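Worksheet: one structure, shown below.
Everything quoted here is computed from the prediction, not taken from an experiment. Chain letters run A, B, ... following the sequence lines, proteins first, then strands; residues in each count from 1.
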Amino acid sequence: MSEDRIIKYAEAILAVASAENNGAEVEDELFRFARAVEGSDELRLTLSNAKIPAARRQQIVEDLIGDQATSATTALISMLVAAGRGGDIQRIADQVVELGAASRAKAVAEVYSVIELTQDQQTRLASSLKSATGKDVEIKIIIDETVMGGLLVQIEDEVIDGTVRTRLKQLREAF
Amino acid sequence: MKKRLFLASVTGALLLTFGMAGTASASGETLEGCFLEEWLEEKGHLGGDHGEGGDHGGDHAALHDEELLAEIEKKCIEAPSPIIPELNEVIWGGGAFLVLLALMLWKGFPAVKKIMDERSEKIASDLDQADQTKADAQAVKAQYEAELADAKSEASRIIEEARQQAETLRADLQERAEADIADMRTQAALDFDAARERAMGDLQAEVSDIVVGAAERVVEANLDAEAQTRLIENYINQVGSE
């Protein structure tokens, strides 16, 4: 799908979320769902398979999300799957997050971690990242076991890597 | 033809010389003729004397005949001169000699001279031809010797050239072999270094895998929730301090 169409889908989702008065929550839930789809090839193929009836794919989405997201988020994801955009959910979600943060004059900081960060940690991390990059950021946590420990933050094209995986890699290269 | 004519002339002269010659005698006649001639001559002179003698005269005549015969015999049997020939022999011999001499001067000598000249010319021609042949042979010999010398020189040149080519080829081969050996040594050294590097790399990777694997296991074993929180806190503090 073209980038323009991605942006239009993202803008439409943001408009719906704004109308529902829970834009930030929808962004976060959509982002988390996109990461879950990204981590499962089977799920991504299923949601993007046009041979599976749209109702069946929507049902799968609803079953997966359950009560872990708002109804608005579930309805928006279901709409994307029914429209045959199941394979583009990651790109649309990333665009939604970026456009939402931009509307608040912030940048998106994708934080890869083994465990979930507390709200306090996210606040202090955002403060630290602002002092380091000069940008106000919105933290988006991505659970990734491969980092083994520590954090990896990506803000636009800038990467700040403090993971155990990278330390071990550097140790291996040092030999 | 001339030879035949010359031989016929010589043969005729010889026949004329020896065929016309008669038997040598004092009077130039036969002995019987001599007796007869002398007897008749004496009887002619004594004819008148025989009639005058009668019987008595008969004995005397017989005695006289005997004396006459003895005298005739003495005359006729007288030996010819061993040195001076008879005149007729001198005439015939001289004529034959003159004829023969004339023939010889007229035909014989010119023919002989001609034959001798021809023979001399032939001999001279043969000698000239022999000299020419000898000169030709010497020229051929000289040419052969020159060609032989050229051939020897050419052979020597070819041998020398071949030797030089062989030497050049040997030097090239030796140089190439030495270059190949040097290349092989260099390549062997490079291969050895590469193999050593690979072995060292493999060994280092092996050691690295072992060490890092052990480190990973140690880290994983110790990365509990508290350690994760501590790592996150350290990250937040480090990023904020930069």
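A donor-acceptor contact shorter than 3.5 Å is absent between the side chain of Tyr235(B) and the backbone of Leu125(A).
Other residues, nucleotides and ligands contribute more than 12 heavy atoms inside 6.0 Å of the CZ atom of Arg104(A). Environment of CZ in Arg157(B): crowded, with over 12 heavy atoms of neighbouring residues, nucleotides or ligands closer than 6.0 Å. Applying the 6.0 Å contact sphere to CD of Glu116(A) captures more than 12 heavy atoms from other residues, nucleotides or ligands. For CD of Glu226(B), the number of neighbouring non-hydrogen atoms (other residues, nucleotides, ligands) closer than 6.0 Å is 12 at most. No more than 12 heavy-atom neighbours from other residues, nucleotides or ligands sit within 6.0 angstrom of CG on Asp67(A). Surrounding CD of Glu42(A) are at most 12 heavy atoms belonging to other residues, nucleotides or ligands under 6.0 Å away. More than 12 heavy atoms of other residues, nucleotides or ligands lie within 6.0 Å of NZ in Lys135(A), so this atom counts as buried by the packing criterion.
If you tally non-hydrogen atom pairs under 4.5 Å between each of Gly150(A), Ser128(A), Ser127(A) and chain B, the highest count goes to Ser128(A). Contact count against chain A (heavy-atom pairs under 4.5 Å) is highest for Glu233(B) among Glu220(B), Glu233(B), Arg230(B).
Here the closest non-hydrogen pair linking Gln121(A) and Ile236(B) is O-CD1, 3.6 Å. Considering every non-hydrogen atom in both Leu168(A) and Ala215(B), the closest pair reads CD2-CB, 4.0 Å.
Only the backbone of Asp161(A) comes within less than 4.5 Å of a heavy atom of chain B; no side-chain atom from C-beta onward does. In this structure, chain A has a heavy atom under 4.5 Å from the side chain of Val219(B), while its backbone stays farther away. Residue Asn234(B): no heavy atom, backbone or side chain, is found under 4.5 Å from chain A. Using a 4.5 Å cut-off between heavy atoms, Val153(A) contacts chain B through both its backbone and its side chain. Neither the backbone nor the side chain of Ser241(B) comes within contact range of chain A; no heavy atoms are under 4.5 Å apart. Heavy atoms closer than 4.5 Å to chain B are found nowhere in Thr133(A), neither backbone nor side chain. Within the 4.5 angstrom heavy-atom criterion, only side-chain atoms of Arg167(A), from C-beta onward, approach chain B.
Note that CG of Leu151(A) is 10.5 Å distant from CD of Gln238(B), once rounded to the nearest 0.5 Å.
Side-chain contact check for Ile232(B) versus Ile115(A): some heavy-atom pair is nearer than 4.5 Å.
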